[in-house]
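Here the structure comes first, spelled out in structure tokens, and everything after it is commentary.
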Amino acid sequence: MKRLSETLVRGNNNFDLIRLTAALMVMLGHSYGIQGGEMESMLRFSHLESFGSLAVYAFFMVSGMLVSASFVNQPSIFRFIGLRVLRIWPGAMVCAAFIAFVVGPIFSRSPVLVYFSDAQILHWLFHNALLIDPVGGPLPQLFAENHLKSLVNATVWTLPVELKCYVIVLVAGLLGCIGSRRRTVIVVVLVGLVFAMFANHPPKYLPLGSFFVLPLAYSFYPVPFFLLGMLLYAFRDHVLLDWKPVVALLTVYLALRHSRFDPVFFYPAFIYGLLWLGSAKMLHRLAPKHDYSYGIYLYGFVVQQAVSSLYPAMNSYLSLVIAVPVTVILAALSWHWVEQPCLASFRRRNAPVSGAGTETVGISGT
């Protein structure tokens with residue numbers, strides 16, 4: 001058995017691989033709707049979640065753990081905030097500009113001059129570059145004839161939500177709660193109660209966008225998975241990871257899959273299975289050398305929409321054969337030319353004093 005605390009040591013886990021797999025799962029899940037095919041296969045199997053929703057839950061849960069660890073290990077609040085900001089916004093800004101000024105004029109039904117004269121572009125660019133809700137919405141006549149009409153980059157709706165989750169960690173950390181089991185439990189319970197109240201009665205007076213909204217094809221919310229990640233980090237020394245509970249939970253879930261009790265075992269099997277995969281030594285050799293997952297998440301949907309615009313009758317799996325390589329190329333360019341240089345420059349200028357702390361990089365824009 002391995003403790004979660006051992007797994008969270010950088011270089012001793014498979015969370016980069018999980019993040020990469022989750023980003024590709026999002027593309028797989030979206031391919032069904034984008035190409036107008038049959039019901040998504042995971043949703044058809046589980047009747048609870050899709051590939052995309054499970055991938056988002058994975059992002060948020062692992063992010064809750066690693067961003068909490070990052071707060072504890074950073075030598076200053078300024079460095080913590082700087083790393084979070086530079087991990088999210090530069091890539092998002094370049095992606096928004098690429099969509100507005102390259103993808104838009106190529107795939108829009110509007111003539112180029114008409115397209116660029118539309119004030120909607122500046123409004124869209126402002127929201128999507130700065131990740132201010134609403135994000136991902138329409139551009140002038142872009143993808144107007146696709147199966148998912150006018151949706152330009154739907155996946156980025158989670159990024160403003162996750163940014164708000166980072167604020168929870170920041171506030172909890174400033175109050176001295178991150179790193180303490182009891183105080184983390186108090187924070188998570190209080191935030192969870194507020195979240196449950198507003199999820200059932202969304203506040204009209206708070207501009208929180210999709211924070212409390214249950215998305216389409218989701219049976220649960222992403223934010224509680226982030227809170228769970230915070231709890232897991234707090235209790236990391238007490239969480240043991242082994243394959244046998246994974247098998248037991250999956251077996252019971254499969255036996256009760258068509259009963260009213262299947263969610264009771266589905267989510268624990270998913271959560272514990274994800275943690276175990278994060279610790280599995282046999283997967284270490286598959287660890288990616290570069291972090292392309294955020295770029296894949298940013299560019300995947302718009303590339304798939306472009307493929308659908310060109311080949312509307314193509315089946316979802318064949319569309320992925322085209323969309324995935326193009327997306328990976330854009331993600332690689334984003335990582336090597338935008339994301340990594342920004343982070344590296346900040347780290348050089350704000351290098352911690354030797355022995356002051358070690359950095360733990362989070363997930364999905366952290």
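These numbers come from the heavy atoms of this one structure, side chains and all, not from hydrogens, waters or symmetry mates. What you see is a predicted model, and the numbers here were worked out from it, not measured in a lab.
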Partner set under salt bridge (charged side-chain N to carboxylate O under 4.0 Å, His left out) for D133, not counting sequence neighbours: K164
Co-membership, hydrophobic cluster, residues V223 and L190, 4.5 Å side-chain: no
From I18 atom CD1 to L274 atom CG, the distance as rounded to the nearest 0.5 Å: 4.5 Å
Non-hydrogen atoms of P245 and Y272 that approach each other most closely: CB-CE2, 3.6 Å
R236 atom CZ: more than 12 heavy-atom contacts under 6.0 Å: yes
Q120 CD to S110 OG distance, which is reported to the nearest 0.5 Å: 9.5 Å
Single-linkage hydrophobic cluster I77~V187, side-chain heavy atoms < 4.5 angstrom: yes
Shortest non-hydrogen contact from S279 toward H284: O-CE1, 4.2 Å
Return all side-chain donor-acceptor pairs below 3.5 angstrom for residues 26-34, not counting sequence neighbours, or 'none' if the list is empty.
{"from": "H30", "atom 1": "ND1", "to": "V26", "atom 2": "O", "distance (Å)": "3.4"}
{"from": "S31", "atom 1": "OG", "to": "L28", "atom 2": "O", "distance (Å)": "2.6"}
{"from": "Y32", "atom 1": "OH", "to": "S41", "atom 2": "OG", "distance (Å)": "3.0"}
{"from": "Y32", "atom 1": "OH", "to": "Y317", "atom 2": "OH", "distance (Å)": "2.6"}

Same apolar cluster (I L V M F W Y, side chains within < 4.5 Å links), I106/L113: no
Same apolar cluster (I L V M F W Y, side chains within < 4.5 Å links), V56/L163: yes
Least distance between heavy atoms, Q35 atom then M314 atom: NE2-O, 2.8 Å
Over 12 foreign heavy atoms within 6.0 Å of OH, Y311: no
Candidate pair F211 and F198, rule ring pair (Phe, Tyr, Trp, His ring centres under 6.0 Å), full reasoning: CA-CA 9 Å; F211 195 74; F198 283 146; 9.6 Å; no
Heavy-atom check, side chain of V103 versus side chain of V152, under 4.5 Å: no
Parallel, tilted or perpendicular, as decided by the 30° and 60° cut-offs, for the rings of H123 and H127: tilted
Side chain W335, main chain Q340, donor-acceptor under 3.5 Å: no
Mutual orientation of the aromatic rings belonging to Y166 and F226 [parallel < 30°, tilted 30-60°, perpendicular > 60°]: tilted
N14 (side chain) donor-acceptor with L277 (main chain) under 3.5 angstrom: yes
Side chain to side chain contact (heavy atoms under 4.5 Å, CB included) between T158 and Y297, worked out: CA-CA 10 Å; T158 66; Y297 194 80; 2.7 Å; yes
Main-chain N/O of E6 paired to N12 side chain as donor or acceptor, under 3.5 Å: yes
Considering all heavy atoms, the nearest Y233-S68 contact: CD2-CB, 3.7 Å
Flag, side chain of S210 to backbone of V213, donor-acceptor distance under 3.5 Å: no
Nearest heavy atoms of P224 and F220, plus distance in Å: CB-CE2, 3.7 Å
Worked check of side chain to side chain contact (heavy atoms under 4.5 Å, CB included) between R87 and D291: CA-CA 11 Å; R87 189 63 184 93; D291 187 5; 2.8 Å; yes
Rounded distance (nearest 0.5 Å) linking atom CZ of F71 with atom CZ of R84: 11.0 Å
Co-members of L240 in a cluster of I, L, V, M, F, W and Y side chains, linked at under 4.5 Å: M1
4.5 Å side-chain heavy-atom contact, L125 and F101: yes
Close side-chain approach of L228 to F60, heavy-atom, < 4.5 Å: no
Aromatic contact, F346 with F78 (centres under 6.0 Å): yes
Donor-acceptor under 3.5 Å (S108 side chain, P140 main chain): yes
Heavy-atom closest contact (F59 atom, A22 atom, distance): CZ-CB, 3.7 Å
Listed partners of E145 passing salt bridge (charged side-chain N to carboxylate O under 4.0 Å, His left out), at least two apart: R109
Same apolar cluster: V171 and L193, side chain cutoff 4.5 Å: no
Test item: T184 side-chain N/O and S180 main-chain N/O as donor-acceptor pair under 3.5 Å: yes
Mind listing the side-chain donor-acceptor pairs of residues 318-334 below 3.5 Å, one per line with the distance, residues two or more places apart or on another chain?
{"from": "S319", "atom 1": "OG", "to": "S316", "atom 2": "O", "distance (Å)": "2.6"}
{"from": "T327", "atom 1": "OG1", "to": "A323", "atom 2": "O", "distance (Å)": "2.8"}
{"from": "S334", "atom 1": "OG", "to": "E339", "atom 2": "OE2", "distance (Å)": "2.4"}

By salt bridge (charged side-chain N to carboxylate O under 4.0 Å, His left out) - contacts of K149 (at least two apart): none
pair V239-L232: side-chain heavy atoms closer than 4.5 Å: yes
Full working for side chain to side chain contact (heavy atoms under 4.5 Å, CB included) between L151 and F301: CA-CA 9 Å; L151 280 178; F301 190 90; 4.0 Å; yes
Whether D118 side chain and V114 backbone form a donor-acceptor pair below 3.5 Å: no
C95 side chain near N153 side chain, heavy-atom distance below 4.5 Å: yes
Residues S309 and Q305: side-chain donor-acceptor under 3.5 angstrom: no
I178 CD1 to L170 CG distance, which is reported to the nearest 0.5 Å: 9.5 Å
From M93 atom CE to I88 atom CD1, the distance as rounded to the nearest 0.5 Å: 11.0 Å
Side-chain touch I99/N128, heavy atoms, less than 4.5 angstrom: no
Expected output: side-chain W124 to main-chain G137 donor-acceptor under 3.5 Å: yes
Validation row: L148, F143 side chains within 4.5 angstrom (heavy atoms): no
R19 to F15, cation-pi by 6.0 Å centre distance and 45° axis angle: no
Side chain to side chain contact (heavy atoms under 4.5 Å, CB included) between M42 and M25, intermediate numbers included: CA-CA 11 Å; M42 176 57 72; M25 280 176 58; over 6 Å; no
Exam field: side chain S53 to backbone Y218, donor-acceptor pair closer than 3.5 Å: no
Inter-residue atom distance Y267.OH - D262.CG, 0.5 Å rounding: 9.0 Å
No-hydrogen, no-angle side-chain donor-acceptor test under 3.5 Å, D237 and S5: yes
Member of Y221, F51, F225, F266 meeting the ring-ring contact (aromatic ring centres under 6.0 Å, His included) criterion with Y57: F225
Heavy-atom side-chain proximity of L139 to F107 below 4.5 angstrom: no
Under 3.5 Å: donor-acceptor pair, side chain of R257, backbone of F45: yes
